[in-house]
Amino acid sequence: MDYNFSEIERKWQQRWQDNETYAVTEKADSPKYYVLDMFPYPSGAGLHVGHPLGYIASDIIARYKRNRGFNVLHPMGYDSFGLPAEQYAIQTGQHPEITTQTNIARYRQQLDRIGFAYDWNREVRTSDSEYYQWTQWIFGQIFNAWFNKDANRAEHINTLVERFKANGTYGVNAAQDANWHENLPKEKFFFGSHFEGEFTATDWKSMNDEQQQLILMHYRLAYLADSVVNWCPALGTVLANDEIKDGVSERGGHPVEQKKMRQWSMRISAYAERLLQGLETIDWNESIKEVQRNWIGRSEGASVQFALDGHDAHIEVFTTRPDTIFGVSFMTLAPEHELVSRITTDEYRDSVNAYVEAAKLKTERDRQSEVKNISGQFTGAYALHPFTGDKIPVWIGDYVLAGYGTGAVMAVPCGDQRDYDFAKKFALPIPNIFRDTDISEKAEASKDAVLAQSHMLDGHSYKTAMPIIIAELEKVGVGKGKINYRMRDAVFSRQRYWGEPFPIYYEGEIPRLVSDDALPVELPEVDKYLPTESGEPPLARANAWRVGGHKPDFNTMPGWAGSSWYFLRYMDPRNSNAFADRSKIDYWNQVDLYMGGAEHATGHLLYSRFWTKILFDMGYIGFDEPFKKMINQGMILGRSNHVYRIMGTNRFVTAERKDEFETQQLYVDIHIVDNDVLDTEAFKKWLPEYADAEFILNEKGQYTCTYAIDKMSKRWFNVDNPDELCEKYGADTLRLYEMFLGPVEQSKPWDTKSINGVHNFLRKLWRLFHDHDNNFQISDESASKEELKTLHKTIKKITEDLDRYSWNTCVSGFMICVNELQDLKCSKREVLEPLLILLSPFSPHIAEELWEKLGNEHSITQATWPSFDESKMKDDSFDYPVSFNGKTRYFLPLGVELSGAEVEAAVRANEQTARYLEGKEIKKIIVVPKRIVNVVA
RNA sequence: GCCUAGGUGGCGGAAUUGGUAGACGCGCACGACUCAAAAUCGUGUGUCUUCGGGCGUGUGGGUUCGAUUCCCACCCUGGGUACCA
């Protein structure tokens, strides 16, 4: 064999490992570049060809930047806490640690074969206690923080305590739950019924430690609270909003119900505005930014209080259209709204209770699927219009969500379609407050509509009415302008085994933070990985487990805890004194290029931004956005093949004739199909049920399959794994081919049959360096003008394409270059040596091998990226396409130094011009030097 | 519905600032080498054609000497999201 890739790749992978070629340290005198891949969860299935796509692309950039003189940090690790290992443990009793180790070993083996430039000395695993010690430590920092809204940043809880000591709550503007004070256990405090969360310094000092801790818990950024959570009975745990898709759990698709539980939460809502603003400063793709914007869900409007008739209470609503307040004809509360039971009159109590119970039983999915079924129930209570004093009936309805705004709406049926439908269904009045607008069929939601019957707002539309009504609300004292965010705080406890334990112990009911020197709080051993019989989390099975002699917290942290800060740990992975040394964090700074899937838009990518902002506020890092630029690789889809079995028989008919029979379409393993032609003998051996299959073939005597593009999955038999391809074609070919498929961000089908194209390219390259008998042969003659032109054109192409992250066009650039050099029969060092450097980020093994054969002693990874010389690329003449009225008619070779006027003269003088003019007059001639000539006639 | 990315040969795709549409690769066809096959190499390959040329980048319009590229309207596909008040 001429190009013996298996030997070459084995040799260089070994040598890189022996020489620690990819180990990096901080170097003050060179610029840094941080290239990061989203670290994988090591699943049992191993890698398929879709996984390495992003890794290869980022590896190429890492190698390229290194050749360009950057000190490149390019690490890899494992997000190794997670459900699959735990579920496997539940089924088999095998410790998740074992499963995880086995899977990691397999991943590592697969990754190594592809020849990545990772600094494996920096590997991190989120399930290692030396890693999660610092996840716990960061949790402690968040626990010990509150959010000062005036400064728009987090501060240490001690600054709050100092303020309480000095002035009580006076002047404190903190991010907290609305009405937080109502959730304090009243029996433990001396506050009267008038208490609205304000207290004096004297009050504070008179509180005992337990009382103070109970108060502080309502300020902390990581806090324990009774909250309505998404409880997933099948998984036995609570889930965050982003872990639920279409009303069922993202993992497993199990139903999720609403349940009030005592849980840790993260006060991410405090950062809503900064998370939104920060998006403007980072170079991410617009659709991901948009998903985050929607998730944050900022909307401007007003909060308005409606007094309740006959009650010492009011309903607070948030509305984006306070200008339509004179169109309110009823109010709707979410069935879960806390006022419901209080205000319901005896007359309606039974039906209200029935409605509330029914709503409780519905899952999120049921509620969503019943969009068309409007339901609701009158409570018997009335609210009072803040301006007119009119009595407004109060209804409950499950189209109002407890989790958005205040869980109550002022219904303006003439201006909102849902309110309109509700009013129609229950025959409620629909007063029209728009001038010259017909609302007999549907609501008028346009912001341009002109208001009428609206007192001070008459004649205004939304834009001008807003400031007036907000000022009016404030004057009367029943409301104010407000910005509302959809984003809720993130539930942070999971009732699972395989996750980070909390660095928390309990003194009575009071949670206390474990001191730094007692970290990590290690995951205890348990006999089984299931929840206890009493429904407590699996950690409660560790009967003897104590933290600092006290009762520990039996919950674990969610999957996103460890992944929210791993990019920082890579900077200083073995530090046992800090999560990372500040000087190293300052050196490596933000991730310059982050590569990964777009599916983490509202999970990992939001939470790591959140944690980064907290760490920034607390003074541990010097930047508040983690990932400066991000590229999301598209999914690689599988190409699956089908065969057609004639119903009720074991006969298979070729695709051309399938319509002649009644057939059943079946998937067939793509490995026994070549170019859509089935290997019928292999098919018989593939599965026992096909052993005596018979075939109806086409005219050529072949069995043709049809194909489809599906996700890669074992059940479509269309999975290709990288190991097989490395075996068959080599890692360099695989790397090149994955890049050649198309733009990295685009989803595209995987089709193994075209891989031989890039494989042939590498063999052609090899032959440039070798004679017919595969002897290395290279010439030291100086290169010709043509050869230099090809080289410099290629340097320019590859450099510019890499700078704009266009990997696929680089590969065709290499092919063009090698084709040209082959035509020129070029085997000159002056040309081939720089070419190898250009190719080395893409196909490092063959590049190293040929580089060494050229007599270089150091690895090609240390070579300097060649620069291009425009003068070497210049042609003496250019073949001008001459077009007439935009249609190209003939070509005219002219000197490149000719001016526009000279080119025009040459075109006028050419005898072909007259022919294409067909007797018409030349009106104008447009000349773009070295591009085109257009004759306008 | 809304947001977002896209629509170019048989297939994957290229065309960076408005300047020769289809680079590069696959596939296909023919040829060379071979007893033969594989591999390799070479030639051709958008489409129609009366061989002059005509038509061609989802559709219809517009701007321009010139539009895959810019503008307007619409259609289709992928991804995301939704009783959000």
Side-chain angles (χ1 to χ4, degrees), chain A residues 2 245-246 285-291 293-295 297 299 301 317-321 324 331-332 334 367-368 370-374 397-401 403-412 415-419 421-422 484-486 598-599 601-602 632 634-635 637 639 675-676 707 736-737 740-743 745-758 760-761 763-764 767 797 800-801 803-804 806 808-817 819 822 879-891 923-937:
Chain A
D2 43 3
K245 292 267 141 73
D246 303 322
N285 117 3
E286 198 49 41
S287 63
I288 292 234
K289 287 191 187 185
E290 200 56 30
V291 169
R293 285 188 197 109
N294 290 339
W295 187 261
S299 47
V317 301
F318 172 76
T319 173
T320 53
R321 294 296 302 274
T324 62
M331 306 198 65
T332 316
R367 274 213 200 182
Q368 279 171 23
E370 285 173 19
V371 171
K372 303 285 179 298
N373 287 336
I374 299 154
D398 64 8
Y399 80 96
V400 178
L401 304 177
Y404 183 78
T406 60
V409 300
M410 58 174 226
V412 183
D416 182 285
Q417 194 57 43
R418 291 156 314 183
D419 296 345
D421 295 340
F422 195 89
N484 189 60
Y485 297 93
R486 189 189 90 114
E599 66 274 17
T602 52
N632 306 111
M635 206 192 322
L637 302 166
R639 190 180 193 278
N675 202 16
D676 292 337
Y707 74 90
L736 217 46
Y737 184 55
F740 189 57
L741 281 177
E745 297 197 71
Q746 203 169 296
S747 286
K748 54 217 165 240
W750 176 263
D751 186 0
T752 307
K753 74 168 191 267
S754 340
I755 199 170
N756 56 42
V758 287
N760 276 341
F761 156 75
R763 298 181 58 191
K764 278 191 207 172
R767 285 199 297 271
K797 168 98 181 142
E800 290 179 353
D801 284 3
D803 284 338
R804 64 189 178 101
S806 177
N808 57 324
T809 53
C810 288
V811 182
S812 58
F814 286 127
M815 289 174 170
I816 292 167
C817 176
N819 288 346
Q822 194 180 44
D879 234 7
Y880 277 93
V882 180
S883 47
F884 290 76
N885 297 325
K887 282 182 183 135
T888 310
R889 294 301 182 185
Y890 71 92
F891 291 90
K923 287 189 191 139
K924 192 156 76 167
I925 293 189
I926 283 139
V927 176
V928 183
K930 291 205 287 179
R931 285 242 193 248
I932 199 171
V933 177
N934 191 21
V935 180
V936 187

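We name chains A, B, ... by the order of the sequence lines, and we start the count at 1 in each one. Computed from heavy atoms alone, side chains included, the values below leave out hydrogens, waters and symmetry copies.
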Notebook entry, point to check: Sequence neighbours excluded, which residues qualify as ring pair (Phe, Tyr, Trp, His ring centres under 6.0 Å) partners of A:F761?
Noted result: none

Checklist line | Candidates B:rG27, B:rU16, B:rA85 - which lies nearest the side chain of A:K797 | finding: B:rU16

Check: Using 30° and 60° as the class limits, which term best fits the ring planes of A:F884 and A:Y890: parallel, tilted or perpendicular?
Finding: tilted

Check: Can you tell me how far C1' in B:rA15 sits from the matching atom in B:rA67, rounded to whole Å?
Finding: 13 Å

Notebook entry, point to check: Can you tell me how far C1' of B:rG25 sits from OH of A:Y737, to the nearest Å?
Noted result: 9 Å

Margin query: Closest approach to the side chain of A:K748, judged atom by atom: which nucleotide of B:rG13, B:rC26, B:rA85 is it?
Written below: B:rG13

Check: Rounding to the closest angstrom, what is the interatomic distance between B:rC33 and B:rG42 at atom C1'?
Finding: 11 Å

Note to self: Does B:rG13 have OP1 or OP2 under 4.0 Å away from a side-chain N or O of A:Q746?
What the structure shows: yes

Check: Partner of B:rC24 by Watson-Crick or G-U wobble geometry, both contacts under 3.5 Å, or none?
Finding: B:rG12

Notebook entry, point to check: Which one, B:rG53, B:rU4, B:rC83, comes nearest to the side chain of A:R889?
Noted result: B:rG53

Note to self: If I take atom CD in residue A:E286 and atom P in nucleotide B:rU4, what distance separates them, rounded to the nearest angstrom?
What the structure shows: 7 Å

Next item on the list: Assign a letter to each nucleotide of nucleotides 17-23 of chain B from its 5' end: B, base within under 4.0 Å of a protein heavy atom; S, sugar-phosphate only; -, no contact.
Entry: --BB--B

Next item on the list: Would you mind reading off the distance between A:N294 atom CG and B:rC83 atom P, rounded to a whole angstrom?
Entry: 13 Å

Note to self: For a quick check of understanding: with a heavy-atom distance under 4.0 Å over all strands, which category does A:V936 fall into, base, sugar-phosphate or nothing?
What the structure shows: sugar-phosphate

Item checked: Selected nucleotide, minimal atom distance to A:V409 side chain, candidates B:rA85, B:rU16, B:rA82 -> B:rA85

Note to self: For the NZ atom on A:K753, are there more than 12 heavy atoms of other groups (residues, nucleotides or ligands in this structure) within a distance under 6.0 Å?
What the structure shows: yes

Next item on the list: Round to a whole Å and report the spacing from CH2 of A:W750 to P of B:rG13.
Entry: 14 Å

Next item on the list: Report the distance from atom CZ of A:R767 to atom CG of A:D2, rounding to the nearest 0.5 Å.
Entry: 6.0 Å

Note to self: Regarding A:E745, tell me which of base, sugar-phosphate or nothing describes its non-hydrogen contacts under 4.0 Å with the strands shown.
What the structure shows: nothing

Note to self: For B:rG60, does the O4'-C1'-N9-C4 or O4'-C1'-N1-C2 angle fall within 90° of 0, making it syn, or is it anti?
What the structure shows: anti

Margin query: Keeping A:K748 on the side-chain end and A:P743 on the backbone end, is there a donor-acceptor pair under 3.5 Å?
Written below: yes

Check: Rounding to the closest angstrom, what is the interatomic distance between B:rU20 and B:rG66 at atom P?
Finding: 15 Å

Next item on the list: Please check if atom CZ in A:R931 has more than 12 non-hydrogen atoms from other residues, nucleotides or ligands closer than 6.0 Å.
Entry: no

Margin query: Can you check the distance between B:rA14 and B:rG58, where both ends of the measurement are the P atom (answer in whole Å)?
Written below: 14 Å

Next item on the list: Using heavy atoms to find the nearest nucleotide of RNA chain B for A:K924 and A:T602 separately, return the residue whose nucleotide is more 5′.
Entry: A:K924

Next item on the list: Find out whether A:V935 and A:N885 are in side-chain contact, i.e. whether some heavy atom of one side chain is under 4.5 Å from a heavy atom of the other.
Entry: no

Checklist line | Mate of B:rA85 where both pairing distances stay under 3.5 Å, Watson-Crick or G-U | finding: none

Next item on the list: Go ahead and name the base partner of B:rG79; Watson-Crick or wobble counts if both distances stay under 3.5 Å, otherwise write none.
Entry: B:rC3

Notebook entry, point to check: Taking a pair as Watson-Crick or G-U wobble with both distances under 3.5 Å, which nucleotide is matched to B:rU43?
Noted result: B:rA29

Next item on the list: Find the partner of B:rC70: check Watson-Crick (N1-N3 plus N6-O4 or O6-N4) and G-U wobble (N1-O2, O6-N3) distances, both under 3.5 Å, and reply none if neither fits.
Entry: B:rG62

Next item on the list: Measure from the side chain of A:V291, starting at C-beta and using heavy atoms only, and say which of B:rG80, B:rG12, B:rA85 lies closest.
Entry: B:rG80

Item checked: Pairing nucleotide - B:rU57, Watson-Crick or G-U, each distance under 3.5 Å -> none

Checklist line | First encountered from the 5' end of RNA chain B, between A:V935 and A:M410 | finding: A:V935

Next item on the list: Mind calculating the distance between CG (A:L637) and C1' (B:rG79) to the nearest angstrom?
Entry: 12 Å

Margin query: Say we look at B:rU69 and B:rG9: how far apart would their P atoms be, to the nearest angstrom?
Written below: 15 Å

Check: Between A:N285 and A:E745, is any pair of side-chain heavy atoms under 4.5 Å apart?
Finding: yes

Next item on the list: Please state the C1' separation for the pair B:rC24 and B:rC30 - nearest whole angstrom.
Entry: 22 Å

Note to self: Categorize A:N819 for me: base, sugar-phosphate, or nothing, with a 4.0 angstrom heavy-atom threshold over every strand shown.
What the structure shows: sugar-phosphate

Next item on the list: Quick one: do A:F318 and A:T320 satisfy side chain to side chain contact (heavy atoms under 4.5 Å, CB included)? Show the steps, please.
Entry: CA-CA 7 Å; A:F318 172 76; A:T320 53; 3.9 Å; yes

Next item on the list: Enter syn or anti for the glycosidic conformation of B:rG61, syn applying to angles within 90° of 0.
Entry: anti

Next item on the list: Mind listing the closest non-hydrogen atom pair of A:A334 and A:V400 along with its distance?
Entry: CB-O, 3.4 Å

Notebook entry, point to check: Just how far, in rounded Å, is P of B:rG13 from CZ of A:F814?
Noted result: 21 Å

Next item on the list: Using both distances under 3.5 Å as the test, list the Watson-Crick or G-U wobble partner of B:rU34, or none.
Entry: none

Report each atom pair, protein N/O against N/O of nucleotides 40-51 of chain B, whose distance is under 3.5 angstrom.
unit_1	atom_1	unit_2	atom_2	d
B:rU40	OP1	A:N760	OD1	2.9
B:rU40	OP1	A:N760	ND2	3.4
B:rC41	OP1	A:R767	NH2	3.2

Next item on the list: Using only heavy-atom distances, determine whether the side chains of A:Y399 and A:D419 contain a donor-acceptor pair under 3.5 Å.
Entry: yes

Checklist line | Pair A:K764, A:N819: side-chain N/O donor-acceptor within cut-off below 3.5 Å | finding: yes

Notebook entry, point to check: Between B:rC26 atom P and A:M815 atom CE, what is the distance in whole Å?
Noted result: 7 Å

Item checked: Nearest-Å distance once atom C1' is located in both B:rG13 and B:rA23 -> 10 Å

Notebook entry, point to check: What distance, rounded to whole Å, do you find between the two P atoms, one in B:rU63 and one in B:rA82?
Noted result: 44 Å

Checklist line | Any A:Q746 side-chain heavy atom under 4.5 Å of A:N808 side chain | finding: no

Next item on the list: Measure the distance from CG on A:N285 to C1' on B:rC3 and round it to the nearest whole Å.
Entry: 12 Å

